Amino acid sequence: MPRPTAAQFAYGTCTVIFSTLAMLLLSQTSSGPGVAVIAVAALALGLLVAMTVPQARPTRTMTSVPTAQRAADREPVPAARVSAGAGESARGRAA
């Protein structure tokens, strides 16, 4: 099971605190069992929110190609296809 991220902790904690305050203010309960029910409901809601926060995607690992294979894949460029410098021809540059 992956470890929770900091974002999951933050979202879950904020959800528990704010939902508990909102439910206590809206229900106006002061009895022990009423407060316990609200606290359990807020914890369940906070857990639900924390679990639905998207996980960080794992980073992609680059696979390395052996040097011999990379060298074999390269084809030499013919001298006629090599571009000359700005304003020079290939023959003038060689001279």
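All values derive from a computational prediction rather than experimental measurement.
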Looking only at heavy atoms, the pair that brings Ala50 and Gly12 closest together is CB-CA, 4.1 Å

If the test is side chain to side chain contact (heavy atoms under 4.5 Å, CB included), which one of Leu43, Leu45, Thr20 qualifies with Thr15? Leu45

Could you list the cluster mates of Ile38? Members are the ILVMFWY residues connected by side-chain heavy atoms closer than 4.5 Å, either directly or through other members. Met23, Leu24, Val35

Please find the pair of heavy atoms, one from Gln8 and one from Arg3, that lie closest to each other, and give the distance. OE1-O, 4.3 Å

